[in-house]
Amino acid sequence: MKIAFAGLGVMGAPMARHLLSAGYTVTGFNRSSAKAGAWTSATGGACAPTVAEAAAGADLLVLCVGNDDDVRQVVTQALPHLAAGAVIVDHTTTSATVAREMAALALESGRFFIDAPVSGGQAGAENGQLSVMAGGDADALARVEPAVLAYAKAVKHMGPSGAGQLTKMVNQIAIAGVVQGLAEAVHFAKAAGLDTDAVYDAISKGAAQSWQMDNRWKTAARGEFDFGFAVDWMRKDLGLVLDEARANGATLDMTALVDGYYAEVQAMGGNRWDTSSLKARLKP
């Protein structure tokens with residue numbers, strides 16, 4: 001299987017590296033030549049100067065870019081150059097609308113588009129332990145799933161095009177509530193004069209336990225917010241969630257509230273802080 005990989009940032013670079021390590025032929029592309037060069041130097045892999053050249057004759061195109069417009073641009077530029085019957089797997093978090101648009105566009109040319117956002121963050125990408133939620137043609141996904149499992153621990157087909165992105169929205173809704181609860185819990189513990197490390201030891205083995213608690217409690221308590229998924233990206237995702245909720249009639253009071261709190265963090269200069277920086281709004 002010949003693979004093209006577009007988007008060699010903090011997530012895409014390790015994902016593409018895992019594909020190389022698994023023995024696949026991979027040609028990378030990144031709009032920033034510096035990132036492309038860094039990936040080539042670190043892995044020995046090849047990069048092309050344009051996405052069209054990277055995609056030439058590829059059986060699988062993997063995307064890990066920024067937003068809806070980036071996906072539209074890469075897909076339209078790459079699509080005519082892919083092998084017949086090729087599969088595009090998009091790990092970008094986007095709207096369900098663009099996923100459906102790209103799936104229809106790919107199908108017109110005899111190819112397939114799978115919307116496949118991921119959960120697990122930078123650490124999951126580095127360790128090859130991402131969770132993938134996918135929408136689109138099930139048979140097309142099955143053909144490329146062995147390659148995706150080079151950097152993922154689980155791939156779940158969720159339904160037709162757009163279902164992967166809708167599932168990622170559910171994921172972000174759940175995370176937003178948990179992280180706000182964590183921020184308030186740390187804040188309350190400090191206000192009460194408790195030893196926050198001791199509090200963690202006392203409550204983290206019971207019903208309060210979560211991934212966020214295990215990985216972000218102690219750093220948030222220390223005011224350290226440089227551990228992964230950035231506030232800017234979370235606000236982009238929550239914007240997609242709230243747009244979709246307005247369309248489907250879902251009531252997301254907590255999500256809207258937390259999105260506003262993240263806006264406050266941005267106003268504090270925390271655009272690139274990780275999502276646990278909701279604690280920074282609260283003193284002590």
Side-chain angles (χ1 to χ4, degrees), residues 1-9 11-13 15-16 19 24-33 35-36 39 46-118 130 132-145 147-148 151-152 155 157-169 233 236-237 240 243-244:
M1 183 184 292
K2 184 179 179 183
I3 300 174
F5 200 110
L8 300 172
M11 297 289 288
M15 293 159 73
L19 286 168
Y24 290 99
T25 299
V26 181
T27 302
F29 167 76
N30 200 88
R31 286 179 300 185
S32 163
S33 58
K35 287 183 179 179
W39 184 78
C47 277
T50 68
V51 71
E53 291 173 77
D59 307 293
L60 169 62
L61 169 62
V62 183
L63 308 185
C64 195
V65 292
N67 55 39
D68 284 24
D69 289 341
D70 294 333
V71 171
R72 286 190 179 99
Q73 183 179 51
V74 170
V75 171
T76 54
Q77 290 176 356
L79 198 55
H81 305 279
L82 294 167
V87 180
I88 302 169
V89 174
D90 179 25
H91 294 307
T92 313
T93 297
T94 69
S95 68
T97 298
V98 80
R100 297 183 189 111
E101 288 176 6
M102 295 301 98
L105 185 66
L107 194 59
E108 287 175 5
S109 71
R111 298 169 176 98
F112 300 91
F113 180 94
I114 306 295
D115 53 291
V118 301
L130 293 168
V132 179
M133 49 218 85
D137 187 277
D139 291 337
L141 176 62
R143 281 200 280 125
V144 299
E145 186 171 337
V148 175
Y151 49 80
V155 179
H157 183 249
M158 299 306 303
S161 296
Q165 295 298 348
L166 293 172
T167 304
K168 178 62 182 284
M169 294 178 196
W233 292 112
K236 183 207 80 168
D237 289 2
L240 294 171
D243 285 346
E244 189 69 33

Q: Taking side chain as C-beta onward, heavy atoms only, is N30 less than 4.5 Å from W39?
A: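 No, side chains not in contact.
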Q: Okay, side chain of K2, backbone of A56: is any donor-acceptor separation there less than 3.5 Å?
A: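 Yes; at least one donor-acceptor contact below 3.5 Å.
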Q: With sequence neighbours excluded, tell me which residues meet side chain to side chain donor-acceptor pair (under 3.5 Å) with E244.
A: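 By the side chain to side chain donor-acceptor pair (under 3.5 Å) rule, E244 matches no residue at all.
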Q: Rounded to the nearest 0.5 Å, what separation is found between the CZ atom of F29 and the CG atom of L61?
A: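 F29 CZ to L61 CG: 10.5 Å, rounded to 0.5 Å.
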Q: When you measure from the side chain of K236 to the backbone of G66, do you find a donor-acceptor pair of N or O atoms at a distance under 3.5 Å?
A: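 Yes, the answer is positive, given that a donor and an acceptor are paired below the 3.5 Å cut-off.
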Q: Assess the residue pair I88 and F112 against the criterion (side chain to side chain contact (heavy atoms under 4.5 Å, CB included)); give the C-alpha distance rounded to whole Å, side-chain angles, the decisive distance to 0.1 Å, and a yes or no.
A: CA-CA 6 Å; I88 302 169; F112 300 91; over 6 Å; no
Q: I want to check something: taking the side chain as every heavy atom from C-beta on, are L105 and L79 in contact at a cut-off of under 4.5 Å?
A: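 Contact flag for L105/L79 side chains = yes.
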Q: Going by ring pair (Phe, Tyr, Trp, His ring centres under 6.0 Å), name the pairs with one or both residues in residues 76-105, residues two or more places apart or in two chains.
A: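 Pairs touching residues 76-105 that pass the test: H91-Y151.
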Q: Do the side chain of D115 and the main chain of G162 share a donor and acceptor less than 3.5 angstrom apart?
A: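 Pair found, side chain donor or acceptor close to backbone of G162.
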Q: Would you check, one step at a time, whether the test side chain to side chain contact (heavy atoms under 4.5 Å, CB included) holds for V87 with D137?
A: CA-CA 10 Å; V87 180; D137 187 277; over 6 Å; no
Q: Verify, without hydrogens or angle tests, whether H157 (side chain) and G136 (backbone) share a donor-acceptor contact under 3.5 angstrom.
A: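 Confirmed, H157 side chain pairs with G136 backbone.
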Q: Any donor and acceptor pair, going by atom type alone, linking the side chain of Q165 with main-chain N or O of S95 inside 3.5 Å?
A: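 No, Q165 side chain to S95 backbone: no donor-acceptor pair under 3.5 Å.
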Q: Taking CZ in R31 as the centre, count heavy atoms belonging to other residues, nucleotides or ligands within less than 6.0 Å. Is the count above 12?
A: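 No, CZ of R31 has 12 or fewer neighbouring heavy atoms, counting only those of other groups under 6.0 Å.
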Q: Keeping the roles fixed (side chain from S161, backbone from A99), state whether a donor-acceptor pair exists under 3.5 Å.
A: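 Looks like no, no N/O pair under 3.5 Å.
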